[in-house]
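Residue indices begin at 1 and follow the sequence shown.
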Amino acid sequence: MAELSQVNAPIYEALRKFRRMRVVPFDVPGHKRGRGNMELTEFLGEDCMNVDVNSMKPLDNLCHPVSVIKDAEMLAAEAFGAENAFFMVGGTTSAVQSMIMYACKSGDKIIMPRNVHRSAINALIITGAIPVYVNPDVNHQLGIALGMSVSQVEKAIKENPDAKAIMVNNPTYYGICSDLKRITEIAHAHGMLVLVDEAHGTHFYFGENFPITAMAAGADCASVSMHKSGGSLTQSSFLLMGKNINSDYMRQVINLTQTTSASYLLLSSLDISRKRLALSGREIFAKTVEMAEYARKEINDIGGYYAYSRELINGDSIYDFDVSKLSVYTLPIGLAGIEVYDLLRDEYDIQIEFGDIGNILAYISVGDRERDIERLISAMSEIKRRFGKSGTGMLSQEYISPIVAERPRKAFYADKISLPLDEAAGHVCSEFVMCYPPGIPILAPGELITPEIIEYIRYAKEKGCQMTGTEDINIERLNVIINK
């Protein structure tokens, strides 16, 4: 390792060397460097197909790395300030689930905010772990869930001293951060692991004046979506580990569910992107923040919209804010976030990250250009002029605190019946209902269905939110536990 530095990209370098060897393939994949599927090769390009290869000695094996993948993971750990790092080809979903599967066995408690990504609740179904939900504070103007307050965490620990771990979203989809360092100190003082869903915080590690990173805060694990703000290919992520984690056992946990046929397209993209950020991240993210701050000022100057930032900080449930996030509240112009989302795409050919009932998020990152920012600002100004109306009659409440009636695993596997949506109130749900993105469940298995939740689901559907999670693709019916 001594001869390697951040200028190296071991997997990428091994693939370049392999491509020059012109090896005759009698292994998988069956397209044989693209010759067996010319339409796909014409679409993706020969260079891409030539490195869509199987694990072999010169290229190492992700399940048990001993050479170039191991070197690349060591460089990633160094770049992120972690003790160890693993390449994940199942997205940050697989990293989140691996963290929980490492920390918890069936019947173990884990403290977490309820506004977690569905991947975390999926892990509870898989493991049989018991969630102790900390219902986050809500900004009632914006209708968004905030971070975990320190007092809420302390209360949850006091009431559940046998919990094995605490999970924290940092940052949230909207850019809001908790007091991660203090939460970590409290958890460790009580012998609990700290797991951080840092899917939207890759840039924290490489820029200046960003919120504290999970590794710098002393957390035990962090799942990092390199493909979100780091520039790697979709579905590629890192799992970072601190010194308290047995990385050999963690790899065994990962190998329970991760593919044995890892894509070298994804692996090399992680390797190259880590190199780029390690060498040039400060300059890249300084430019990203500059563009986001400019867009925020211009959008606020339009009037009606509210592009929020660090002025929300309250020292606790909003301990810090990610200024690279362009989160915008839309209800004052009489349009739901999802309506602005649809108008930007349908009328102006602009695809933003997501829209919910009251907000939109435009993701600004390494690949954006100033002229694209100007186009977004101009489109939003026109949308207000062409489509804006009175904000009265808009449903303002976004996050609804759930009533947990049963463990997620038990509810998911319980005997169930399907009921029309309007008849489901008072029953316990046995499936997910969510808008995607962001993928935070409105209902999760084991939660009580209330009239308020049904109203929210109906309203979200009416406004055009992309609803997922239910067996009924039209979300006219819900699966509920049979009362015995």
Side-chain angles (χ1 to χ4, degrees), residues 76 79-80 82 85-99 115-120 168-177 180 195-207 210-215 221-240 263 265-278 280-281 284-289 291-292 295 320-328 341 350-356 359-369 372-373 376 434-440 466:
F80 282 86
F86 289 157
F87 281 43
M88 306 297 293
V89 295
T92 306
T93 287
S94 64
V96 167
Q97 292 175 350
S98 295
M99 294 193 303
N115 60 323
V116 288
H117 189 266
R118 74 164 293 173
S119 58
V168 186
N169 295 339
N170 208 71
T172 69
Y173 224 130
Y174 303 94
I176 291 166
C177 297
L180 189 56
L195 320 175
V196 183
D197 182 347
E198 211 169 20
H200 296 275
T202 304
H203 46 292
F204 290 4
Y205 289 88
F206 302 101
F210 281 123
I212 192 169
T213 68
M215 291 297 102
C221 288
S223 53
V224 179
S225 287
M226 192 69 165
H227 67 94
K228 287 187 170 68
S229 60
S232 66
L233 291 179
T234 296
Q235 200 178 308
S236 58
S237 295
F238 284 122
L239 175 55
L240 309 179
S263 167
L265 300 174
L266 299 181
L267 296 177
S268 59
S269 81
L270 282 169
D271 202 19
I272 294 166
S273 299
R274 180 273 312 155
K275 171 186 171 181
R276 181 167 182 258
L277 295 189
S280 306
I284 289 169
F285 292 118
K287 184 66 174 176
T288 298
V289 169
M291 287 191 291
D320 208 341
F321 187 84
D322 174 11
V323 293
S324 77
K325 289 281 189 300
L326 185 59
S327 301
V328 184
Y341 171 99
I350 294 173
Q351 181 64 59
I352 59 172
E353 175 66 11
F354 83 89
D356 58 28
N359 301 268
I360 60 169
L361 171 64
Y363 215 98
I364 298 176
S365 192
V366 296
D368 286 297
R369 303 170 297 182
D372 297 328
I373 300 294
L376 173 64
M434 73 197 84
C435 297
Y436 189 87
I440 298 166
Q466 184 179 346

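- Taking 4.5 Å as the limit, every side-chain heavy atom of Val96 sits out of range of all side-chain heavy atoms of His117.
- Side-chain contact between Lys325 and Tyr173: absent, with no pair of heavy atoms (C-beta onward) separated by less than 4.5 Å.
- With hydrogens and angles left out, the side-chain atoms of Tyr341 and Glu353 include no donor and acceptor closer than 3.5 Å.
- Every side chain to side chain donor-acceptor pair (under 3.5 Å) that Ser229 has, sequence neighbours left out, goes to His203.
- No side-chain donor-acceptor contact under 3.5 Å links Ser273 to the backbone of Leu270.
- Put simply, the side chain of Asn359 never gets that close to the backbone of Asp356: no donor and acceptor are under 3.5 Å apart.
- Nearest heavy-atom pair, Leu240 versus Ala82, reported as atom, atom and distance to 0.1 Å: CB-CB, 4.1 Å.
- Ser223 contributes no side-chain N or O that, together with a main-chain N or O of Thr92, makes up a donor-acceptor pair within less than 3.5 Å.
- The backbone N or O of Ala120 sits nowhere less than 3.5 Å from a side-chain atom of Gln97 that would complete a donor-acceptor pair.
- Taking CD1 of Ile364 as the reference point, atom OG1 of Thr288 lies at 8.0 Å (rounded to 0.5 Å).
- Taking both residues in full, the closest heavy atoms of Leu376 and Ala362 are given as CD2-CB, 3.9 Å, listed atom of the first, atom of the second, then distance.
- Shown here for Leu267 and Phe87, the closest heavy-atom pair between the two residues is O-CE2, 3.5 Å.
- With hydrogens and angles disregarded, a donor-acceptor distance shorter than 3.5 Å links the side chain of Ser232 to the backbone of His227.
- Put simply, the side chain of Leu361 does not reach to within 4.5 Å of the side chain of Ile352, judged on heavy atoms.
- Formation of a donor-acceptor pair under 3.5 Å by the Ser280 side chain with backbone atoms of Leu277 is not found in this model.
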* Trace of the ring-ring contact (aromatic ring centres under 6.0 Å, His included) decision for Phe80 with Phe238 -> CA-CA 10 Å; Phe80 282 86; Phe238 284 122; 5.3 Å; yes
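- Ile350 contributes atom CD1, which lies 8.5 Å from atom CG of Asp372 (distance to the nearest 0.5 angstrom).
- Aromatic ring pairs are classed by plane angle as parallel below 30°, tilted from 30° to 60° and perpendicular above 60°; the pair Phe204 and Phe210 is parallel.
- Within the 4.5 Å cutoff, side-chain heavy atoms of Val328 are placed close to those of Leu326.
- Side chains of Asn170 and Asp197 form no contact here, defined as non-hydrogen atoms less than 4.5 Å apart.
- Here the CE atom belonging to Met215 is positioned 6.5 Å from the SG atom belonging to Cys221, to the nearest 0.5 angstrom.
- Between Phe354 and Tyr174, the angle of the ring planes goes over 60°, which puts this pair in the perpendicular group of the 30/60° scheme.
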* Stepwise side chain to side chain contact (heavy atoms under 4.5 Å, CB included) check, Leu180 with Val168 -> CA-CA 8 Å; Leu180 189 56; Val168 186; 4.1 Å; yes
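- Looking at heavy atoms from C-beta onward, Met88 lies out of side-chain contact with Ser236 at the 4.5 angstrom threshold.
- One N or O on the side chain of Gln235 and one on the backbone of Val89 form a donor-acceptor pair closer than 3.5 Å.
- Atom CG in Leu266 sits 13.0 Å away from atom CE in Met226 (nearest 0.5 Å).
- Judged purely by atom type and a 3.5 angstrom limit, Ser269 uses its side chain to pair as donor or acceptor with the backbone of Leu233.
- Distance alone, capped at 3.5 Å, places no donor-acceptor pair between the Asn169 side chain and the Thr172 backbone.
- Ile284 is not listed as a side-chain neighbour of Phe206, based on a closest heavy-atom distance of 4.5 Å or more.
- In this structure, CG on Asp368 lies 11.0 Å from NZ on Lys287, to the nearest 0.5 angstrom.
- Counting heavy atoms from C-beta on, the side chains of Val116 and Ile440 never come closer than 4.5 Å.
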* **Verdict with reasoning, Glu198 to Thr213, per side chain to side chain contact (heavy atoms under 4.5 Å, CB included)** => CA-CA 8 Å; Glu198 211 169 20; Thr213 68; 3.9 Å; yes
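- For the atom pair OG of Ser237 and NZ of Lys228, the computed distance is 6.0 Å after rounding to the nearest 0.5 Å.
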